[in-house]
Q: 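Next up is a structure, given as structure tokens.
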Amino acid sequence: MLRVVLADDENKVILLMQKLIDWESLGYEIVGTANDGLRALELVGEKQPHLLITDIRMPGYSGIELIRRAKELQPNLHFIVISGYRKFEYAQTALKYGVEDYLLKPIKQDELTGILLRLKEKLGEEATLEFRLKKSGERQQELLMESLAEAAEHQQPFLSYADKRFQTAEGICFAALVRVDLTGAGQQTPDSCQVILRYALEIVRRELRALTDVYAAAVRKEGVAIVLRMAAYRTVAMKQCFTKIQREIEQQRDMFGNLRCTICLGSRQTAFEDTVLSMRQALWLCRDRLCRAQPWRDAEVEHPALSQRYIMEAAQKKRFQVAAECLDRVRFQQELDESFNAVLSLPDLNGQMLEDWFDQVLEACLYGMRQTGQVDERFHAGMEDRFWLCADAQGVLQVLREGICHQIRQLEAERSQRETRPITDAKRYIQQHYREALRLEDVSSAVGFNATYFSTLFKKETGQNFVDYLTDLRIGKAKELLSGDDLSVQDVADMVGYRDLKYFSKLFKKVTGVSPSDYKKLYR
């Protein structure tokens, strides 16, 4: 059994949680309850629970402080946060400490049950039969939505093993997307997005069950993707269903601040195979929110311009390539701003065209950067994922600016390292052979460069030409020998690579200001 501690300053909330769930059947045991953060922390130390469910606001320690301290006591402890307060910053801070999920008061049975089941799978416990069946059905829905979205994106026939109910049932079918954006600087992150999308998925599934028995829904990068079939299209019922979904999701502003939900409906079809077109339309409307933020988008009303695309001029692509190849961040940002402003000024701009622009800037810059060095294989896919975290056109611009500039800085560092490494090898070689009649050609050959290029690179990295560097090294070694062992000036000259005593003495005095003999006397 998984041990659970409940913490809330209201006894009625604790009693509700105890009675709301059949904890034992889910494999959980409540081992303690607390009405303040101090007692809750004591219970963590005493009972060693697997899970702590805590309110945000409590006497003693707040929920956030309790989580921080409990994590120190028990690093593998999992947390669920509950709150009735409109405190966005608390939720964000809680996420940083690895909180498993959150609940808003009043607590709903199906929401808490869903979180507990997901957590049980994560902890590796043997799942109950109900849980295994539930996860199997959810996986089938995920595969169906993946197949449908892929077919829609690539304009391919929809060949799927889909639930036979979709194909055999009669009536109307269509696809939809429930898109959730966390607007405002720095708020949209992969972690926060996944938390709210998981929550949205539970809402979607609950409301769709009241609308139809034949549906599938899954979380994708675009949002919660949906396909459903109704015996007859009931406009009012459908409107009420999706409005309720939208309203409940947007209530999460209590925890996430500036949250915006967009409903994107594809056209209604009779043949299930034609939901590919419906999904294409829903995806188009979802992208278009980057240009036109509207809460309700319906392909039956708006007629998405699926064929309207953006193609960048060859000269513009070339300028991006050159800026990226030269690792010129200033030039890249100038080109990016000018190109972005030009795209925004297009009279018929839509979200699909904005994504086309994003992709073409990214491809041009990648081509240029690859001429200079090795670009991380995950960079391209990572940038595409970040595109889907954007809530508006400015966000798209910011992703390109930050992503490309970061990659350029990495390539600059790698290039600097490539140029510095042979100089480091050259210095090591000089240290080992300075006693010999050492020439620039000898050192450049040892590190694999021609003498002319090596001489330029050496001066750039050390600030000295080869001869001056070698002279400083030899004279420095000579000073050490003259101030130490009882060696003659001739012996020292031989030991640092000078066979001509007169030349050595003249050079030593030029560098130090005194002759070798006088320098030696200083240390007697």
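Quick caveat, the model's predicted, so the values are computed rather than measured. Sequence positions, counted from 1, serve as the residue numbers for this chain.
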Q: If I take atom CZ from residue F458 and atom CG from residue L440, how far apart are they, to the nearest 0.5 angstrom?
A: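 It comes to 9.0 Å.
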
Q: Please check if any side-chain donor atom of E338 sits under 3.5 Å from a side-chain acceptor atom of Q316, or the reverse.
A: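 On atom types as modelled, these side chains do not qualify, holding no pair under 3.5 Å.
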
Q: What pairs meet the side-chain hydrogen bond (donor to acceptor under 3.5 Å, both in side chains) rule with one or both residues in residues 446-459, with sequence neighbours excluded?
A: none

Q: Return the set of residues passing salt bridge (charged side-chain N to carboxylate O under 4.0 Å, His left out) with R421 (not counting sequence neighbours), or none when no residue passes.
A: none

Q: Identify, with sequence neighbours excluded, every residue that meets ring pair (Phe, Tyr, Trp, His ring centres under 6.0 Å) alongside Y519.
A: F508, Y523

Q: Using atom types as modelled and distance alone, determine if a side-chain donor or acceptor of S444 lies under 3.5 Å from a backbone N or O of E441.
A: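 Answer holds: yes.
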
Q: Inspect the surroundings of CZ in R378 and state if more than 12 heavy atoms from other residues, nucleotides or ligands are less than 6.0 Å away.
A: no

Q: Can you confirm whether P295 sits close enough to Q246 that some side-chain heavy atom of one is under 4.5 Å from a side-chain heavy atom of the other?
A: yes

Q: Given 3.5 Å as the limit, does a donor-acceptor pair link the side chain of R297 with the main chain of L265, or not?
A: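 Pair absent, no side-chain N/O of R297 close to backbone of L265.
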
Q: Answer yes if the side chains of D472 and Q464 hold a donor-acceptor pair under 3.5 Å, and no otherwise.
A: yes

Q: For Q374, I'd like to know if atom CD has over 12 heavy atoms of other residues, nucleotides or ligands within 6.0 Å.
A: no

Q: Do D337 and Q333 have side-chain N/O donor and acceptor atoms under 3.5 Å apart?
A: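 No - no donor-acceptor pair under 3.5 Å links their side chains.
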
Q: At what distance, to the nearest 0.5 angstrom, does CG of N350 lie from CD of E302?
A: 11.0 Å

Q: Under 3.5 Å, is there a donor on one side chain and an acceptor on the other for Q360 and Y310?
A: no

Q: Flag yes if more than 12 heavy atoms outside K506 fall under 6.0 Å of its NZ atom; otherwise flag no.
A: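 No, the 6.0 Å shell around NZ holds no more than 12 heavy atoms from other groups.
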
Q: Can you check whether R57's main-chain N or O pairs, donor with acceptor, with S62's side chain at less than 3.5 Å?
A: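 Judged by distance alone, no pair lies under 3.5 Å.
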
Q: Please check this pair: side chain of S505 against backbone of K502, looking for a donor-acceptor N/O pair closer than 3.5 Å.
A: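 No: the side chain of S505 does not pair with the backbone of K502.
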
Q: Carefully, step by step, assess D518 and K509 under the rule salt bridge (charged side-chain N to carboxylate O under 4.0 Å, His left out).
A: CA-CA 10 Å; D518 290 340; K509 185 172 184 178; over 6 Å; no

Q: Using the six-membered ring wherever Trp is involved, compare the ring planes of F387 and F358 and label them parallel, tilted or perpendicular (cut-offs 30° and 60°).
A: tilted

Q: Is E436 atom CD crowded by more than 12 heavy atoms from other residues, nucleotides or ligands, each under 6.0 Å away?
A: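 It does: E436 CD has more than 12 such atoms within range.
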
Q: Do E363 and H380 have a side chain donor and acceptor closer than 3.5 Å?
A: yes

Q: Give a yes or no on whether the backbone of A391 and the side-chain of R289 come within a donor-acceptor separation of less than 3.5 Å.
A: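 No, R289 side chain to A391 backbone: no donor-acceptor pair under 3.5 Å.
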
